[in-house]
There are 2 protein chains.
Amino acid sequence: MFDFLKNFYMSKRHVSLKTLAQTLNVSMSTVSRALRNHPDIGPEVTRKVQELARELQYTPNPLAIGLLKDRSSTIGVIVPDLVTYFFSSIISGIESMANEHGYHIVIRCSYESYEKEKECLQDLLRLRVDGIVMCLAQETQDYAHFDTVLKSETPLVFFDRVCRPDEVATVVVDNQEAARRITRHFFESGYRRIAHIAGPAQLNITRERIEGYKQGLAECNLPFDTDLLVHCDLSIASATAATQRLLALSSPPDAIFGVNDTTAFAAMKEIKRQHLRIPQDIGLVGFTDEFHATVVEPTLTSVMHPTYEMGREAALLFLAQVDAKVAITPSQSVLTTQLVVRESSSMIPVE
Amino acid sequence: MFDFLKNFYMSKRHVSLKTLAQTLNVSMSTVSRALRNHPDIGPEVTRKVQELARELQYTPNPLAIGLLKDRSSTIGVIVPDLVTYFFSSIISGIESMANEHGYHIVIRCSYESYEKEKECLQDLLRLRVDGIVMCLAQETQDYAHFDTVLKSETPLVFFDRVCRPDEVATVVVDNQEAARRITRHFFESGYRRIAHIAGPAQLNITRERIEGYKQGLAECNLPFDTDLLVHCDLSIASATAATQRLLALSSPPDAIFGVNDTTAFAAMKEIKRQHLRIPQDIGLVGFTDEFHATVVEPTLTSVMHPTYEMGREAALLFLAQVDAKVAITPSQSVLTTQLVVRESSSMIPVE
DNA sequence: AAGCTTTGTGCAAAGCCTTGCGGAAGTATT
DNA sequence: AATACTTCCGCAAGGCTTTGCACAAAGCTT
């Protein structure tokens, strides 16, 4: 019916309310109301407007709506690294939850840098995102840059690596409990000198896992030997070096618990290079359960992170803050992990 | 100096030109010009305005600017899958290039589904993104849904999996050349019955790699045996099944070239399960060179994709279309890959 | 002193949408 | 026939920014 118009208007970049109004010789307000089936508008006019809108594929300009309502329907997401499975699967979870609720996500990467993190944060605030969901950069030790965010009343959610938990909503896993379980699992499998390659000291995940490690040792009546607790910065090189230090001890460990899978992989490589056998000579367990874990040889025992759910939960905490008209006390969400036992930690080979 | 105002205005969600104007008793236009150092504005006023703007941390509202300039400074990115290394590293490349040029990226995931791809596309157009950078979903065989995009004159860029190359800018790798090299590499390493597990027939990457495979065979004076060319849908299960079909042949292959690393990993698992040795009994080569390739045992020979560069290049093609005031013929960019020889394909073990 | 040029500012429109309010036409009531 | 209601629609403002144009004041020339 409106074919002749269609071609004409399609040449314009976008169809607006004005376009519709002028075509039908009614006012923009009438069009606006007709589209939302406002009772004030007569059925005939409503029908015509809606028909033309469909014909011309009219969609409201989100920029205009954003301006009006002071919201962009956009969530800013900052991750330390886009490439790692851990983060990309969390992003995937955020994306799905966000989309289900009409939000889009804008991704920024801090590359584990404190300066870059600040920059991303500022950029996203400038962009007027409705909220920010993020994981702290490894470098970040000072948390003052979040003052701006809190003051602007932009909902903020941290996942995995967190800070200021009293002011900001957080999603984490049961790090301590998982580390405790790993330690006990080692003990029950017959290992007695259990080492831990930990991460950077300022990260909450590092502290919590160390805590669980110690707790596990205590429960098994094993002494805590400071020689067996080494730190690394999560890079492969540094994890390799940490492994070498452990293996060079006069009384080396018979089991190693890596703070994450990358660390564990590096350890595995080094252990093999020194012609030690896994799990016979050294037991090995990782954390996060990346896809790699099932590919390496021997397959790696690891703590399964519900990463996708973590992303969804983080987005959910954002939504909760938006819905809450008044300021609410930020909620802390703790997800449970699962220890997946594979070849690298069982004296009796698993299938 | 303006501290007393600062506290007052900070309570508002955002500081606008109006805020500044009212505070200083000048008009909004004066403020706007002063901020951009327009010569029309006196030095005294300019100084005052800029000082207050800094004090109150004024930043222009991108929604208003977008409305005015009819652009959102946003690039929509659609990937079939967020979690795979291949895509996440491409996203990383897009993000870096986009940010360097003042753009933000909005991510959507098609989950390899045709319907979802259409939906994402519509959503992003509705969002008024300035351009779309994407990779086709595996399911997509009909390309009519891009008419809308082309008609709206929204710059469009495909990477890796492409269609309508005459109308849309594309970034791909030298698939055919790489496949040819793999085949020759097998031949030079002494393999004679070289099989290829190909992907879904509708994908350009599948066709090009098959073409290169055949070309390589011809150059080595090897016959093309249809038994040795099998298809899979890129899933692990289907790749495993394909491998089984190959190994069950009365005259099985002594080398397998997988269409990507996931396929190759699945093949590796199956080959090992049948107690065949790699590379002695069967040579194996993958494509894409994910991180896993160096972790598996034996390490996997693979074609290194410049994924990060691919992302940057894709974003660059978008930028080129934006800069070009007039419609330009879309450019095709071909990136070169590199064959990384590891243990899985060399009779003589590499270091 | 009258007229002209600078110099510095503000008005208003445009970009798109929503919504309170006012108003015209028509119908029903008394 | 005059009044009171419906029914249906448009005006205009507000949200934020940019920019062409007009205007006022001041300084200059003749």
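Numbers restart at 1 for each chain; the letters A, B, ... are given by sequence-line order, proteins then strands. Model, not experiment: these values are computed from the prediction.
Partners of A:Thr46 by side chain to side chain donor-acceptor pair (under 3.5 Å), not counting sequence neighbours: none found. Residues that satisfy the side chain to side chain donor-acceptor pair (under 3.5 Å) test with A:Thr154, not counting sequence neighbours, are A:Ser152. By the side chain to side chain donor-acceptor pair (under 3.5 Å) test, B:Ser73 is found to be paired with B:Arg71, residues two or more places apart in sequence or in another chain being considered. Judged as a salt bridge (Lys or Arg N to Asp or Glu O under 4.0 Å), and not counting sequence neighbours, the contacts of B:Glu112 are B:Arg161.
Paired with B:Thr59 under the rule side chain to side chain donor-acceptor pair (under 3.5 Å), one option of A:Arg128, A:Gln122, A:Arg126 passes, and it is A:Arg128. Exactly one residue among B:Val31, B:Leu20, B:Ile41 makes a side-chain contact (heavy atoms from CB on, under 4.5 Å) with B:Val26. That residue is B:Val31.
With a 4.5 Å cut-off on side-chain heavy atoms, B:Ile75 and B:Phe318 count as touching. Between B:Phe86 and B:Asp160, some side-chain heavy-atom pair lies under the 4.5 Å cut-off.
As a whole-Å value, the separation of B:His38 NE2 from D:dC21 P is 13 Å. Put simply, CG on B:Leu35 is 15 Å from C1' on D:dT19, counting in whole angstrom units. Rounded to a whole Å, the CD1 atom of B:Ile41 is 13 Å from the P atom of D:dT19. Summarising the geometry, the separation between CD on B:Gln22 and C1' on D:dG14 is reported as 13 Å, rounded to the nearest angstrom. When the P atom of C:dC16 is taken as reference, atom CG of B:Leu127 falls 16 Å away, rounded to whole Å. Distance A:Asn37 CG to D:dC8 C1': 15 Å, rounded to the nearest Å.
Direction change of the helix axis from one end of the helix from C:dA1-D:dT30 to C:dT30-D:dA1 to the other is 80°, with five pairs defining each end axis (rounded to 10°).
When each of B:Pro43 and B:Leu67 is assigned the nucleotide of DNA chain C bearing its nearest heavy atom, the one mapping closer to the 5' terminus is B:Pro43.
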One character per nucleotide, please: for nucleotides 17-23 of chain C, 5' to 3', B when the base has a protein heavy atom closer than 4.0 Å, S when only the sugar-phosphate does, - otherwise.
BBBB---

